[in-house]
Amino acid sequence: MKAEESSLGSEIDMSAWLDKPAGKRGVLLVNGSRFQFEDGTPIKFWGTNLCERNAFPSPEKAVEWANFLASYGFNAVRFHKFTWDATDGIHSTIITNDKWERFDRFCHELREKGIYYGWSHIYGHRVAPADSSRLLAYNEIMETDFPWRHLSRSTAALVNFADDLQQLNIELTVNMLNHINPYTGLRYADDPALNFIEFQNEDNIFWAAIERSLEQAPTYRKLLCRKFSEWLRDKYQTHEALLNAWNHEGLNEGEHLDANNLYPQPNHGFFSYEYQVAKQEGRSVKQHVVDKFSFLYEEQMKFYRKFEMAVRETGYKGPLIASCWQAGEGLTHLLNLHADYEIGVIDRHNYFGGGQGHSLKPGPFDNSAMVSNIGSGLFGTGLQQVKDRPFLFSEWMSLIPNEYTAESAPIVAVYGMGLQGWDGSYVFATDFPHYTNTIQTPWGGVYNATSPTQLALYPALAALVFRGDVKEGDIIVNRKFGLSDIFQGKTIINETIRQDHDRKVLDADFPLKSLAAGRVTLEFTENCSMLETFGLSELIDQNNVYSNTGQLIWSDSGKGYFTINTDGTKGLVGFAKDKEFNLGCVTISTSNDFAVILVTSLESDKGIYDASRILVTAIGRAKNTGMEICRERSELISVGDAPILVEPVDFVLGIKRSKKPRITILNHTGHKTDKTIKYNKRTSFKGSSSEAFYYLIEY
């Protein structure tokens with residue numbers, strides 16, 4: 001496998017599918033729950049993350065990156081945490097032409113290829129010497145130190161209530177928007193290829209990391225306490241009235257309203273615990289808890305509204321994202337989600353499987369498969385989709401050494417972007433414009449979108465998304481949450497979020513299998529909290545969940561699998577050894593225990609029955625040479641090394657068409673080889689001999 005060979009000009013090259021240049025249809029707008037351009041054209045984004053130094057490639061590398069991304073069908077890039085080292089080193093908010101010239105050139109190259117770009121630029125805004133006179137306690141910020149080093153010496157967490165830190169984040173963003181890209185001649189505020197701005201990555205006022213910051217920044221802790229005390233004084237007037245309202249609970253030793261030192265305990269763990277106890281005891285959340293989260297929510301909204309106003313004043317009209325991080329469970333989860341809702345697009349992150357830490361190393365790991373548990377893992381993130389807002393999944397990955405990572409992209413594309421109607425997917429992350437030589441990145445990273453179990457599937461899935469093969473389902477579950485109920489502390493939500501670092505497991509009081517039947521949404525109302533279901537029982541039987549579009553079936557029999565039966569794409573994903581599936585004009589069976597097999601029309605306006613060119617993609621498992629896993633498949637013994645060994649997939653495929661096609665074996669980047677396969681009514685594709693995962697069928 002030649003890792004660095006280009007797919008440009010190959011049979012899988014998707015660059016012609018992209019509508020170019022990006023922005024040709026005008027500014028991207030939010031229309032209810034959907035994205036559409038000024039000319040009314042709808043759009044979904046099948047994208048990836050480019051982080052840090054990858055936002056600043058050389059001119060030659062910028063061209064290579066743009067060609068690579070377009071050829072694999074990416075129509076969007078999320079530039080992530082890329083401003084840390086892009087200012088003059090003295091001012092944290094002033095970008096410099098020499099630092100940004102490469103970024104500007106890269107954006108131009110992407111734009112010309114039909115690739116949109118969004119900004120997730122602030123993941124802890126790092127302060128600089130020129131900020132010292134502007135901040136309440138510059139030295140305290142500079143001396144913050146965290147296990148997650150990227151947040152050290154930054155505005156992270158504290159920014160959600162501290163006006164001086166907020167001004168830094170906002171000023172940087174405004175300066176970026178006012179910068180003119182010399183290659184496009186446009187300010188970024190006027191660039192229709194800029195498809196979103198995110199205020200902050202993985203941060204909110206309820207996130208537990210804020211308490212670690214407050215321990216190291218006493219001046220800002222004092223500010224927070226003063227703000228909360230003033231808020232309470234405005235509500236209760238006196239300390240005695242406060243004590244009565246709080247039933248003499250919720251105060252730490254030495255706290256007194258007149259001393260302006262009441263602490264609102266900004267930690268989602270505290271609020272989640274208090275909510276669960278209230279629910280178990282059959283009562284509302286205590287008043288001191290309600291006041292604390294109500295104050296924090298209001299502070300969050302003040303920051304977001306200030307940020308929103310500043311961005312809009314530059315003239316930028318496109319979508320905004322407040323943040324992309326949940327806040328535990330219970331009422332603070334809902335309030336954090338509502339704050340995001342008030343600003344615009346709902347965006348969330350999740351990861352699945354793998355071991356511990358960010359690098360591949362020996363040790364125990366989660367080797368479960370999402371297809372075995374319908375609605376689990378990455379797919380369960382959709383429980384946070386709000387009914388009348390676009391939904392982005394801007395970071396996700398099934399983590400190695402989990403052996404079934406190939407299931408993840410089809411689940412996101414078929415069930416997320418398709419049935420659930422999600423509006424954007426950004427896999428995390430793409431660090432090289434080619435396959436890597438190992439399943440991990442060269443520095444050992446487990447977030448690798450250029451492993452074959454990911455990258456090889458993207459052309460077929462991009463075609464599925466762009467053509468709209470999988471129809472959006474009708475709403476089958478809708479949860480209404482009344483804001484008045486939330487601010488009265490009522491226990492109205494029965495959903496949980498269990499978190500292991502970046503990996504979240506979501507659960508609800510209705511079957512998660514519902515996610516495979518139709519759209520599952522959440523709705524904010526003024527005063528009505530209720531669960532609505534629509535025909536759910538008719539679509540779920542003992543083993544199968546049938547989508548209300550009639551196109552998808554997900555079975556949890558055995559280890560689980562699902563089938564895709566649309567005009568443009570037919571497919572099988574999961575554990576279905578020796579089963580034959582009749583999918584309209586296509587039949588599929590495989591002798592592999594686990595496989596992803598996709599049959600895709602390569603024509604944007606024709607289905608499989610009419611297309612002259614059809615791509616067949618077949619991927620199983622992948623591992624490094626010399627990689628060892630224990631007999632129970634639950635512990636990595638040895639990481640191994642290059643090259644990657646891709647499990648061959650043997651399958652039988654039938655296509656009911658009158659003409660006989662020519663079947664050509666393609667290489668790993670989609671170029672034709674001189675090898676062909678003899679056509680039969682049931683054609684046997686033997687990956688064990690072809691050593692291929694792409695095949696081209698031509699009529």
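- Distance check: Ile697 CD1 to Glu11 CD gives 12.5 Å after rounding to the nearest 0.5 Å.
- Salt bridge annotation for Glu403-Arg633: present, with a cationic side-chain nitrogen under 4.0 angstrom from a carboxylate oxygen.
- Side chains of Leu69 and Val77 form a contact here, defined as non-hydrogen atoms less than 4.5 Å apart.
- Residues Glu64 and Glu60 form no side-chain contact, since every pair of their non-hydrogen atoms from C-beta on lies 4.5 Å or further apart.
- Ring orientation note: the planes of Phe68 and Trp65 are nearly perpendicular, at an angle over 60° on the 30°/60° scale.
- Relative ring orientation between Phe562 and Trp554 is described as tilted, the plane-to-plane angle lying within the 30° to 60° band.
- Between the side chains of His434 and Glu5, no donor-acceptor pair is found at a separation under 3.5 Å.
- Taking the charged nitrogens against the carboxylate oxygens, Glu691 and Lys675 have no contact shorter than 4.0 Å, which rules out a salt bridge.
- Inspection of the Gln326 and Asn204 side chains reveals no N or O donor paired with an N or O acceptor under 3.5 Å.
- Ring planes of Tyr695 and Phe651: perpendicular class, angle over 60° (limits at 30 and 60°).
- Ion pairing between a basic and an acidic side chain is recognised when a charged N comes within 4.0 Å of a carboxylate O; Lys513 and Asp556 show such pairing.
- In the displayed structure, Asn680 atom CG is contacted under 6.0 Å by more than 12 heavy atoms of other residues, nucleotides or ligands.
- At a cut-off of 3.5 Å, with distance as the only test, no side-chain donor of Asn667 or Thr673 sits close to an acceptor on the other residue.
- Here Arg348 does not pair with Glu395 in a salt bridge; the nearest charged N to carboxylate O distance is not below 4.0 Å.
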Chi angles and distances behind the salt bridge (charged side-chain N to carboxylate O under 4.0 Å, His left out) call for Glu580, Arg682: CA-CA 11 Å; Glu580 183 173 87; Arg682 295 285 191 274; 3.6 Å; yes
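- Side-chain contact annotation: Ser120 with His80, donor-acceptor N/O pair under 3.5 Å present.
- Relative ring orientation between Phe196 and Tyr426 is described as perpendicular, the plane-to-plane angle rising above 60° on a 0-90° scale split at 30° and 60°.
- Atoms CG and NZ, on Asp423 and Lys44 in that order, are 5.0 Å from each other to the nearest 0.5 Å.
- Using cut-offs of 30° and 60° on the angle between ring planes, the pair His150 and Tyr123 is tilted.
- One finds a salt bridge joining Lys672 and Glu698 here, because a Lys/Arg side-chain nitrogen approaches an Asp/Glu carboxylate oxygen to under 4.0 Å.
- Taking the six-membered ring where tryptophan is involved, the planes of Phe56 and Trp100 are perpendicular, since the angle between them exceeds 60° and thus also 30°.
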Would you sort out whether Arg467 and Thr600 count as a side-chain contact (heavy atoms from CB on, under 4.5 Å), showing the intermediate values? CA-CA 11 Å; Arg467 196 167 42 220; Thr600 311; 3.6 Å; yes
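- Geometric assessment of Arg105 against the ring of Tyr183 yields a positive cation-pi assignment under the 6.0 Å and 45° thresholds.
- No donor-acceptor contact under 3.5 angstrom links the side chains of Ser7 and Thr669, judged on distance only.
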